[in-house]
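Residue numbers begin at 1 in each chain, while the letters A, B, ... track the order of the sequences. Side chains included, hydrogens not; waters and symmetry mates left out as well; all remaining heavy atoms used.
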Number of protein chains: 2
Amino acid sequence: MSKQEGGCCEGLSDAPLAEDQAVELATMFKALGDPVRLRLLSLIASQPDEVCVCELTPAFELSQPTISHHLKVLRQAGLVESERRGTWVYYRVRPETTDRLAAVLATATGDRRVAAL
Amino acid sequence: MSKQEGGCCEGLSDAPLAEDQAVELATMFKALGDPVRLRLLSLIASQPDEVCVCELTPAFELSQPTISHHLKVLRQAGLVESERRGTWVYYRVRPETTDRLAAVLATATGDRRVAAL
DNA sequence: AGGCTGTATTGAAGTCTGTCTATGCAATGT
DNA sequence: ACATTGCATAGACAGACTTCAATACAGCCT
């Protein structure tokens, strides 16, 4: 999906941000807009490589399906990716995505120098 | 409101992220999780100093109260601040907030070096 | 094969969100 | 004082989101 730009200018302050890009970025930020998902992402990111779901679920006082749902949202936003190995499923962060969002925010500063990516 | 921490360790991957911080950060990210608000922030950030609401409202095909509502959400999240001068109200970005969020995301990378602020 | 454990999906209930119209408040100008 | 313009607030409603219990699916083990 999307063969559009994303090419050069990613910063919030560089261009007024087209509708298409706004929708795409909003999906990612919305995924971060929940305390449970933020803590999930944090737990995944704080581990060297990847984390087993069996470690994530007991870290919350929420049902297993609820955690599974939140992981799905993070996955669909491109923030994490998962891999099944045997009985267990492992999640890891996708740095491309977090870095891109960080770059977008960094340049909202009015920081008009090259916006990284 | 809030005199809490924000003290030293801000990165997503540094610590598993406490519930309190997660709630606080989620509020900010949630504010960014809407295309209209992202475009609003972008419009405000793309201007040298500040932007009059009278310039923002006609940039969308939405009612004036709706734009006003979105600006309120951005304001309450600490992403922008407003000032009334005469008849008009001007909005500007609060770099402290956008920078902080950028820092949080940058360190989700597994980037274990000093997470800036 | 059959049972067991880990994870995902489904369907439903309650809450929150985005949007509108109608209205209120602030500042200017005649 | 009054009318006018710019922005914010209140109330209403449809759609989306979070959560759960129930169920399905996948891979192990005996």
Any side-chain N or O of [X] under 4.0 Å from OP1/OP2 of [N]?
X       : N      : value
B/Ser63 : C/dC20 : yes
A/Thr66 : D/dT19 : no
B/Lys30 : C/dT17 : yes

Within the structure shown, what part of the strands sits under 4.0 Å from [X] by heavy-atom distance: base, sugar-phosphate, or nothing?
X       : result
B/Arg85 : nothing
A/Tyr90 : nothing
B/Phe60 : nothing
B/His69 : base
B/Ile67 : nothing

Given [options], identify the nucleotide with an atom nearest to the side chain of [X].
X       : options               : value
A/Cys54 : C/dG6, C/dA8, D/dC20  : C/dG6
B/Arg75 : D/dA21, D/dA8, D/dT19 : D/dA8
A/His70 : D/dT18, C/dT7, C/dT17 : D/dT18
A/Pro65 : D/dA22, D/dG6, C/dC20 : D/dA22
B/Thr87 : C/dT28, C/dG18, C/dG6 : C/dT28

Between [atom2] of [N] and [atom1] of [X], the distance in whole Å:
X       : N      : atom1 : atom2 : value
B/Arg84 : D/dT9  : CZ    : C1'   : 13 Å
B/Leu71 : D/dC7  : CG    : P     : 10 Å
A/Phe29 : C/dT17 : CZ    : C1'   : 19 Å
B/Glu50 : D/dC7  : CD    : P     : 13 Å
B/Leu74 : C/dG18 : CG    : P     : 11 Å
B/Glu61 : C/dT19 : CD    : C1'   : 14 Å
B/Asp34 : D/dA16 : CG    : P     : 13 Å
A/Trp88 : D/dC29 : CH2   : P     : 8 Å

Would you say [X]'s side chain and [Y]'s backbone share a donor-acceptor pair under 3.5 angstrom?
X       : Y       : result
A/Ser42 : A/Leu38 : no
B/Arg37 : B/Arg39 : no
B/Thr97 : B/Gly78 : yes
B/Ser46 : B/Leu43 : yes

| Would you call B/Arg92 and B/Glu81 a salt bridge, taking side-chain N to carboxylate O under 4.0 Å as the test? |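 Yes, this pair counts.
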| request: Test side-chain hydrogen bond (donor to acceptor under 3.5 Å, both in side chains) on B/Arg75 and B/Tyr91 and set out the steps. | output: CA-CA 9 Å; B/Arg75 219 183 321 122; B/Tyr91 277 77; 3.2 Å; yes
| query | For DNA chain D, whose closest nucleotide is more 5', that of B/Lys72 or that of A/Gln64? | reply |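 Going by which nucleotide is closer to the 5' end, it is B/Lys72.
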